[in-house]
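These notes are about the structure you will find just below.
Note on naming: letters A, B, ... go to the chains in the order of the sequence lines (proteins, then strands), and numbering restarts at 1 for each one.
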There are 2 protein chains.
Amino acid sequence: MIGFMPPAHLVVAVDLVVFTIRADQLHVLLIERGNPPFHGKPALPGGFVRDTENLHAAAERELHEETGLNGHDFHLQQLGAYGEPDRDPRGRIFTVAYLAIVPDLPAPLAGTDASDASWVPVTQAHGLAFDHDQILADALEAARVRLEYTTVATSFCPSEFSVTDLRRVYEVVWGRPIDPRNFHRKVIATEDFVVPSGNKRAAVVGRPAMLYHRGSATRLNPPMLRHSEP
Amino acid sequence: MIGFMPPAHLVVAVDLVVFTIRADQLHVLLIERGNPPFHGKPALPGGFVRDTENLHAAAERELHEETGLNGHDFHLQQLGAYGEPDRDPRGRIFTVAYLAIVPDLPAPLAGTDASDASWVPVTQAHGLAFDHDQILADALEAARVRLEYTTVATSFCPSEFSVTDLRRVYEVVWGRPIDPRNFHRKVIATEDFVVPSGNKRAAVVGRPAMLYHRGSATRLNPPMLRHSEP
DNA sequence: ACAAAAGTGTTTTCCATACACCCATGT
DNA sequence: ACATGGGTGTATGGAAAACACTTTTGT
């Protein structure tokens, strides 16, 4: 299998950096490669772009194959193109990386093509195949920046969530604590960031939280400020 | 020439959106296509990525071919990949767009391969070949955003420039006036945004301006705020 | 002296931070 | 009653906007 050369028109792939939050930790979806090169190594899920589909559709298809998600239950956005001549030992293969943000899936990967896929804490995701370490690092920084200026944080949450759930997203992705009171006021004050669902969380302990759905806003104005370390 | 199909490995191109400011107007570098498809139409400069070069190097090479610039006299950054199946009638050709920002060139395009290239005000750059209208629109928005959070505005200026020159960049790209006094204080207060050259502008009229070089900073913290329209 | 552009000071307004406090629920 | 987390009010500091003012040159 060494030296396999893909058909000439298959020189553009898409790779996905799929983030979710499980147990208050940021996780990324990785597969274990079943073929050379990098046989047995962890890698980002991805595949070649088909003749009739555009880049975004290819990314959506891959995401569906790996997670079973479709519709608009996720955030999917292009990160950029990677094209070092030697990035793939099979030959000159360009890849377009996509950042995907999904809620913690109840039945994560059952019934999908990718039973070989698994969630790995980003803190432990090293030594990936190809240039995927670099792509993952870029994706992490992009996700942190997007939390500042957009409403993507809600894409980490299920359909119904509390303000505290949303705050945990910021704390986990940014890796620093946020004042609950000020965060609450800011989220509520930002128009169409979240809309009340009318329900309340069954309280395990303490006052039950009001629940919200994602609002229609996409940009955060003013942004959530992430300061440099104190 | 109709129906020309590039060699199979040449399916990835880079296209450049080169911005400069001339006569207080934002201009973009366009070529007139000498071959089908879109013969005679304006288009962004670009070309195929060579076997041994990475994407950034290909973009740098194209920029040098079109403008004669090399070294670090410019800003060059990837915008993203475009890959609609029908974006090029010759076949499936992906392109990676780059945003380039250069100072107003003294002898703009003399002695370059591209005597067919010319500066066009962005307000008049419509009806471009391929999907270049879309790429140009994306590049313009990206440039506006980057002026907020980075120091790229200095890349529009020659080696030595005044604070007022820099303010004009913001006003031209954003298309709205800025208070000269507050802008001045903010630029000077931001560490390493600009460094004094020690020289003064020969005054045509009024008090001569102090001149500056680009500083070492790349990110603007705090950012230049571009408010929504009043 | 005057015009014109560069650069500084001052006031006001707004927003982020910090933190005290009240609210709603389970035990 | 009280512990626990959810949510609100308020004082303070710092930065942005608005704008009056001073400085430096050429004519």
query: Would you call the rings of A:Tyr98 and A:His56 parallel, tilted or perpendicular if under 30° counts as parallel and over 60° as perpendicular?
result: perpendicular
State whether [X] and [Y] are salt-bridged, where the test is any N-O pair (Lys NZ or Arg NE/NH1/NH2 against Asp/Glu carboxylate O) under 4.0 Å.
{"X": "A:Asp192", "Y": "A:Arg219", "answer": "no"}
{"X": "B:Glu148", "Y": "B:Arg144", "answer": "no"}
{"X": "A:Arg226", "Y": "A:Glu141", "answer": "yes"}
{"X": "A:Arg176", "Y": "A:Glu171", "answer": "no"}

Inter-end axis angle, the helix from C:dA1-D:dT27 to C:dT27-D:dA1, with every axis fitted to five base pairs (rounded, 10 degrees):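 One end's axis against the other's: 10°.
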message: Is there a side-chain contact between A:Lys200 and the phosphate of C:dT25, meaning an N or O under 4.0 Å from OP1 or OP2?
response: yes
Can you measure [X] atom [atom1] to [N] atom [atom2] for me and round it to whole angstrom units?
{"X": "A:Arg176", "N": "C:dT17", "atom1": "CZ", "atom2": "P", "result": "11 Å"}
{"X": "A:Phe183", "N": "C:dC19", "atom1": "CZ", "atom2": "C1'", "result": "19 Å"}
{"X": "A:Glu148", "N": "C:dA16", "atom1": "CD", "atom2": "P", "result": "13 Å"}
{"X": "A:Asp179", "N": "D:dG9", "atom1": "CG", "atom2": "P", "result": "16 Å"}
{"X": "A:Leu220", "N": "C:dC15", "atom1": "CG", "atom2": "P", "result": "15 Å"}
{"X": "B:Lys186", "N": "D:dA18", "atom1": "NZ", "atom2": "P", "result": "13 Å"}
{"X": "A:Ile178", "N": "C:dA18", "atom1": "CD1", "atom2": "P", "result": "12 Å"}

task: Might you work through the side-chain contact (heavy atoms from CB on, under 4.5 Å) test for B:Glu65 and B:Arg61, ending with a clear yes or no?
output: CA-CA 6 Å; B:Glu65 288 174 10; B:Arg61 175 176 52 77; 3.3 Å; yes
- request: Indicate whether any N or O donor in one side chain lies under 3.5 Å from an N or O acceptor in the other, for B:Asp133 and B:His126.
  value: no
field: No-hydrogen, no-angle side-chain donor-acceptor test under 3.5 Å, B:Thr95 and B:Asp15
entry: yes
query: Where the side chain of B:Leu225 is concerned, which of C:dA16, D:dA16, D:dG26 is the nearest nucleotide?
result: D:dA16
B:Phe156 ring center within less than 6.0 Å of B:Tyr170 ring center: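 No - the distance between ring centres of B:Tyr170 and B:Phe156 does not fall below the 6.0 Å cut-off.
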- request: Give the B/S/- string for nucleotides 4-11 of chain C, one per nucleotide from 5' to 3', where a protein heavy atom under 4.0 Å of the base yields B, of only the sugar-phosphate yields S, and otherwise -.
  value: BBBBBBB-
